[in-house]
*Asks:* 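Mind looking over this structure? Questions follow.
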Amino acid sequence: MKRFLISVLPFVLVVLGPAPARAAEPVALIQIDGVISPVTVRLVSMAIDRAQAEKAQALIIQLDTPGGLERSMRSIVQRELNAEVPVIVFVGPTGARAASAGVFITMAAHVAAMAPATNIGAAHPVAVGGGQMDKVSAKKIENDAAAFARTIATERGRNAEWAEKAVRASVSATEREAVKLKVVDLIADNIADLLVKIDGKTVKTVKGPVTLRTADAPIKKVEIGFRDRFLMIITDPNIAYILMMIGMLGIFFELSNPGVILPGVLGGISLLLAFFAFQTLPINYAGVLLIVFGVILLIAEIKVVSHGILSIGGIISMLLGSIMLFDAPEAGIRVSWWVILPTVGTTAAFFAFAVTAGVRALFQKPTTGYSGLIGQVAVARSPLDPAGEVFVQGERWRAVAEGGAVAEGEPVTVTGIDGLTLKVTKATGL
């Protein structure tokens, strides 16, 4: 019987074929771009929860950030350190960066990778709210951030000394330098290349060691909903700045022209959205006050004739406030010059137009009322010798001729008004 089974077994294997290979578990992917804010915390938390619920073998966070709020960064790092699913941070695509808060998020990942031509570093803490901290407070915050960077690096087996320098001295590194310094694990051209290079790597999670099998794993992208996309857009410093300017101008229009309603509604909504964005950004309140003061000076120019002095002061104040608005060394958390100059220029042009129109109206000859009748040409409806009637601006008026009698039908010029009687003279040059 044994010999029979041995002889038959090859034929059975040919008929049945090899056992089907088990499909690789998917890898979740979410893209995080821009400032690290409470919206970012929500997105990362949602992505980790979804990856765990859908049994993904790992979550890739493709990161490109200039930094952001320290509070939000710590929340994200905490989620990474306590994630049951391996979290892979990929600083990409080419040209991306992980600056400031991005350093902590990258180093807290189970696997940290960077695309070519990317950089990481400059994690020195910046005060939120403008102004200067006293030396004791600044040192406390710096020491706290440095200790946090060291403990993250030590936990993940990365270069704790470099992590501390990134906080204290704002050092940065290219992708090649970061791998050489053991700040990150590897360089990958793209997500597909990353999956191949981390295949077989074992990482430690809160549930124990996990070996990644990602070479042929399908990628399941975590879609960001409209609400979160909208919130991410308005937390962009440039968008927040524009919303603030629109809000102030809208409120000004409504106060200048009560009852128009639309400018007030749009201005109120824009200001509320700007305030929401400001709570997630390192705002310098001196910059906000300078912008508000600049708008006040431009409004005052309409009411007070200063021969342009108030307008010039308002433009300078708005420009300085726009430059100082966000108190951060990173370019990505400041307002772009390509946004500041057109916005300030458009606002100044509008107020200049309003002032010019007001001055022109001030010196323009009246066209209505008693004053508007002076100089008008009328037609005699009856002989004026000296009193009679004339027709002017669609109305009949009692008139008295000065300088000689006027025949019926002759043109006359209104020279004055005495109560309800017009003073007229014969029209010349007609």
Side-chain angles (χ1 to χ4, degrees), residues 21-65 68 71-93 96 98 101-115 118 120 152 155-158 184-186 188-229 231-232:
R22 184 181 177 184
E25 295 175 331
V27 173
L29 170 66
I30 187 170
Q31 295 180 344
I32 300 297
D33 299 323
V35 176
I36 302 301
S37 67
V39 179
T40 316
V41 178
R42 169 184 162 82
L43 291 175
V44 173
S45 298
M46 178 265 293
I48 292 176
D49 291 339
R50 186 173 298 180
Q52 293 175 170
E54 296 178 356
K55 306 297 182 184
Q57 62 169 311
L59 168 66
I60 298 177
I61 300 175
Q62 183 170 306
L63 184 66
D64 180 10
T65 179
R71 181 176 64 254
S72 299
M73 173 271 292
R74 284 181 178 266
S75 297
I76 293 173
V77 168
Q78 188 175 18
R79 285 307 312 266
E80 290 180 274
L81 295 176
N82 291 282
E84 298 178 2
V85 61
V87 177
I88 303 161
V89 171
F90 175 56
V91 182
V103 175
F104 296 85
I105 295 172
T106 303
M107 297 189 73
H110 297 92
V111 179
M114 298 176 69
T118 55
I120 185 173
I152 293 172
E155 173 66 19
R156 295 303 190 208
R158 301 199 169 96
V184 299
D185 302 311
L186 55 99
D189 295 333
N190 47 48
I191 298 296
D193 185 39
L194 174 65
L195 293 179
V196 172
K197 288 183 176 179
I198 63 175
D199 184 58
K201 187 177 182 66
T202 300
V203 297
K204 177 185 175 184
T205 68
V206 292
K207 296 189 73 173
V210 175
T211 300
L212 301 172
R213 302 297 180 191
T214 57
D216 300 316
I219 298 175
K220 191 169 184 180
K221 192 171 182 179
V222 178
E223 297 295 338
I224 300 175
F226 172 78
R227 174 177 178 270
D228 292 315
R229 287 186 182 279
L231 293 177
M232 289 182 71

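Please read all numbers here as calculations on a predicted model, not as lab measurements. Basis for what follows: all heavy atoms, side chains included, without hydrogens, waters or symmetry-related copies.
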*Asks:* Taking all non-hydrogen atoms of both residues, which atom of Pro209 and which atom of Thr202 are closest, and how far apart?
*Replies:* CB-CG2, 4.0 Å

*Asks:* Is there side-chain contact between Arg229 and Glu223, with at least one heavy-atom pair below 4.5 Å?
*Replies:*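 They are in side-chain contact.
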
*Asks:* Could you give me the CA-CA distance, side-chain angles and deciding distance for Asp189 and Lys197, then say whether salt bridge (Lys or Arg N to Asp or Glu O under 4.0 Å) is met?
*Replies:* CA-CA 10 Å; Asp189 295 333; Lys197 288 183 176 179; 5.5 Å; no

*Asks:* Would Arg79 and Asp49 count as a side chain to side chain contact (heavy atoms under 4.5 Å, CB included) if you check the C-alpha gap in whole Å, the side-chain angles of each, and the deciding distance to 0.1 Å?
*Replies:* CA-CA 10 Å; Arg79 285 307 312 266; Asp49 291 339; 2.9 Å; yes

*Asks:* Of all the heavy-atom pairs spanning Val27 and Ala217, show the shortest one and how long it is.
*Replies:* CG2-CB, 3.8 Å

*Asks:* Looking only at heavy atoms, which two atoms of Ala83 and Val206 are closest? And how far apart?
*Replies:*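 Closest heavy-atom pair between Ala83 and Val206: O-CG2, 3.6 Å.
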
*Asks:* Contact between Ile32 and Thr65 at the side-chain level, heavy atoms closer than 4.5 Å - yes or no?
*Replies:*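 Side chain of Ile32 against side chain of Thr65, heavy atoms only: no contact under 4.5 Å found.
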
*Asks:* With heavy-atom distances below 4.5 Å as the criterion, would you say the side chains of Leu231 and Arg42 are in contact?
*Replies:*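 Leu231 vs Arg42: side chains apart.
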
*Asks:* To the nearest 0.5 angstrom, please state how far the CZ atom of Phe90 sits from the OG1 atom of Thr118.
*Replies:* 7.5 Å

*Asks:* Check whether any side-chain heavy atom of Gln57 lies under 4.5 Å from a side-chain heavy atom of Arg213, and answer yes or no.
*Replies:* yes

*Asks:* Which value, rounded to the nearest 0.5 Å, describes the distance between Thr205 atom OG1 and Asn82 atom CG?
*Replies:* 11.0 Å

*Asks:* With heavy-atom distances below 4.5 Å as the criterion, would you say the side chains of Pro93 and Gln62 are in contact?
*Replies:*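 In short, these two side chains touch, coming nearer than 4.5 Å.
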
*Asks:* Hey, is the main chain of Val35 close enough, under 3.5 Å, to the side chain of Thr40 for a donor-acceptor pair?
*Replies:* yes

*Asks:* Once rounded to the nearest 0.5 Å, what's the spacing between atom CG of Asp193 and atom CD1 of Ile198?
*Replies:*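 One finds 10.5 Å between CG of Asp193 and CD1 of Ile198.
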
*Asks:* How many angstroms lie between OG1 in Thr214 and CD in Glu25, if you round to the nearest 0.5 Å?
*Replies:*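 So the OG1 of Thr214 and the CD of Glu25 are separated by 11.5 Å.
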
*Asks:* To the nearest 0.5 Å, what is the distance between CZ on Phe104 and CD1 on Ile76?
*Replies:* 12.5 Å

*Asks:* Would one find more than 12 heavy atoms of other residues, nucleotides or ligands at under 6.0 Å from atom CD of Gln78?
*Replies:*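 Not more than 12 within 6.0 Å, no.
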
*Asks:* Quick check: do Leu194 and Leu186 have side-chain heavy atoms less than 4.5 Å from each other?
*Replies:*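 They are in side-chain contact.
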
*Asks:* Can you check whether Ala113's main-chain N or O pairs, donor with acceptor, with Asp185's side chain at less than 3.5 Å?
*Replies:* no

*Asks:* Side chain to side chain contact (heavy atoms under 4.5 Å, CB included), that's the test. Do Ile152 and Arg158 meet it? Break it down for me.
*Replies:* CA-CA 8 Å; Ile152 293 172; Arg158 301 199 169 96; over 6 Å; no

*Asks:* Nearest heavy-atom pair of Ala101 and Ile36: which atoms, and what distance?
*Replies:* CB-CG1, 4.2 Å

*Asks:* Ignoring hydrogens, what is the shortest heavy-atom contact between Ala51 and Ala28? Give both atom names and the distance.
*Replies:*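 It is CB-CB, 4.1 Å.
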
*Asks:* Main chain of Glu84, side chain of Gln52: is a donor-acceptor contact present, judged purely on distance under 3.5 Å?
*Replies:*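 Flag set: sc Gln52 to bb Glu84 pair under 3.5 Å.
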
*Asks:* Check whether His110 reaches the backbone of Val87 with its side chain - one donor and one acceptor, N or O, closer than 3.5 Å.
*Replies:* yes

*Asks:* Taking all atoms of both residues into account, what is the closest heavy-atom pair of Ala56 and Val85, and its distance?
*Replies:*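 Scanning both residues, the minimum pair turns out to be O-CG2, 3.4 Å.
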
*Asks:* Do side-chain atoms of Asp199 reach the backbone of Ala215 as a donor and acceptor pair under 3.5 angstrom?
*Replies:* yes

*Asks:* By the definition side-chain contact (heavy atoms from CB on, under 4.5 Å), identify the one residue from Met114, Glu80, Met107 that meets it with Val89.
*Replies:*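 The option that passes is Glu80.
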
*Asks:* Please report the interatomic distance CD1(Ile61) to CG(Leu29), rounded to the nearest 0.5 Å.
*Replies:* 9.5 Å

*Asks:* Side chains of Ile105 and Val44, heavy atoms from C-beta outward: is any pair under 4.5 Å?
*Replies:*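 They are not in side-chain contact.
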
